[in-house]
Structures are given as C-alpha cells and as structure tokens.
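Beneath this line is the structure, given in structure tokens, with notes to follow.
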Amino acid sequence: METTHLLARPAPRYEHSGHWYGSPQLGLSVELVAPAARASRPSASAERAPEPTARDARTFVVSAMTQVLEVLDRRRPVARVAELVVPHVVDQIIALQRIYEVAAAGAESAPSTAALRRVHIQMCGPGEAEFFGNYLRGERVLAFAGRVEHVSQRVRKTPGTEPYRRSKRTELRWRIRSIALG
C-alpha cells in the first residue's frame with residue numbers, strides 16, 4: 001500500500017498558561033499569538049539552570065526513596081529512614097512492609113527487589129516540594145508520589161568528642177512529609 005498523500009507534522013508545543021513557583025514572572029497577559037509573532041526558542045545555554053534548592057530536594061528524594069524501597073525489601077532496618085521521614089510515614093512504611101511479607105509468603109517464587117527508576121520534583125514554595133516517579137519491581141513499573149519539606153532538625157554530636165549533652169545546634173534538612181507507593 002502506498003501512502004504518498006500523507007504528511008507527518010510534529011505536534012504543537014504545549015505551554016502551561018499558569019504561573020509555577022520558580023518560573024520568571026513575565027507580566028504578559030494570556031493572549032492568542034499568531035505563529036509568525038512567536039519568539040524563537042532560546043538556545044540550551046540561555047535556558048535557566050534549576051534552582052539550588054530544587055537540586056538539593058531531588059538529591060534528597062533520590063536518596064530517601066532508595067532507602068525506603070530497601071526498607072520495604074527488608075534490606076535495611078526501619079530505623080535507617082526514621083530521620084528522613086516524619087513519624088506517621090514510618091508507620092506507613094511498616095504497614096507496607098507487612099503487606100509485602102504476606103504477599104511474598106503466598107507467592108511461589110522469591111519476591112523481586114525494587115529499583116528506583118525516575119524521580120521528578122515540582123517546587124511548591126521555598127521550603128517545600130512535591131515529588132513523583134516510578135520504580136521497578138521485577139517486570140512491573142510502579143509509581144510513587146509524595147511531598148518533602150525543609151525543616152529545622154537538631155544535629156547530633158559525633159560520639160566520643162565530649163561528655164554527653166543534648167545538642168542545641170540545628171540545621172535545615174529535607175524530610176518526607178507524605179508518601180504514596182503504588
């Protein structure tokens with residue numbers, strides 16, 4: 001079959017009309033613009049680099065979600081993620097761990113381990129972000145989502161440096177506030 005009468009064109013670009021946190025405020029009203037009046041796409045060097053807080057948040061989420069998946073697979077103890085998440089998320093992880101145990105007990109083959117695949121960050125404010133992504137468990141691709149926040153946490157002293165006294169020094173650190181695993 002010959003298809004000489006077909007013409008393939010690229011799909012039009014989709015641009016969100018709203019304002020997201022961190023994007024520059026242009027001060028332009030939303031209007032329909034004729035194709036000839038559109039500005040050319042900026043070069044890769046002219047595009048803005050991601051904010052340092054967004055990079056820090058993504059780095060934290062990749063590390064934390066890797067550890068959460070390892071806890072669910074029983075490759076790490078639950079105490080390992082206690083400083084990375086708020087207390088009710090620890091309870092949620094323990095409940096999910098029990099569910100995976102029951103499912104693994106009924107399965108004929110050994111359960112497959114989870115491997116992080118993709119993580120995306122959307123900043124909601126200067127100290128909070130939403131994240132989503134997916135991970136592999138065997139042949140299946142499963143999704144996760146959640147929210148992280150920048151909170152002040154007490155910094156522990158290194159053992160053996162001086163007599164034990166409760167530290168009063170604090171630092172801003174990321175913590176997972178909510179999580180949903182598929």
For the [atom1] atom of [X] and the [atom2] atom of [Y], what is their distance to the nearest 0.5 Å?
X    : Y    : atom1 : atom2 : value
R117 : L142 : CZ    : CG    : 10.5 Å
H120 : R58  : NE2   : CZ    : 7.5 Å
L172 : T53  : CG    : OG1   : 11.5 Å
R173 : H150 : CZ    : NE2   : 10.0 Å
R137 : L69  : CZ    : CG    : 7.0 Å
E130 : Q122 : CD    : CD    : 7.5 Å

Taking all non-hydrogen atoms of both residues into account, name the closest pair between [X] and [Y] and its distance.
X    : Y    : answer
I93  : L72  : O-CD2, 3.6 Å
G127 : W174 : O-CZ3, 3.9 Å
V89  : I176 : CG2-O, 4.2 Å
G138 : S112 : N-OG, 3.1 Å

For the pair [X] (side chain) and [Y] (backbone), establish whether a donor and an acceptor sit closer than 3.5 Å, ignoring hydrogens and angles.
X    : Y    : result
S63  : T59  : no
R175 : V85  : yes
Q92  : I179 : yes
Q97  : V71  : yes
R76  : V68  : no

Answer whether the closest heavy-atom distance between the side chains of I121 and F60 falls below 4.5 Å.
no
For R140, does the CZ atom sit with more than 12 other heavy atoms under 6.0 Å from it, leaving out its own atoms?
no
Do [X] and [Y] sit in the same hydrophobic cluster, where Ile, Leu, Val, Met, Phe, Trp and Tyr count as joined when their side-chain heavy atoms come under 4.5 Å apart?
X    : Y    : result
V90  : M65  : yes
V151 : F131 : no
I94  : V86  : yes
F132 : L84  : no

Starting from the C-alpha separation in whole Å, work towards a yes-or-no answer on salt bridge (Lys or Arg N to Asp or Glu O under 4.0 Å) for E70 and R80.
CA-CA 10 Å; E70 288 173 355; R80 188 66 179 239; over 6 Å; no
How are the rings of Y135 and F144 set relative to one another: parallel (under 30°), tilted (30 to 60°) or perpendicular (over 60°)?
tilted
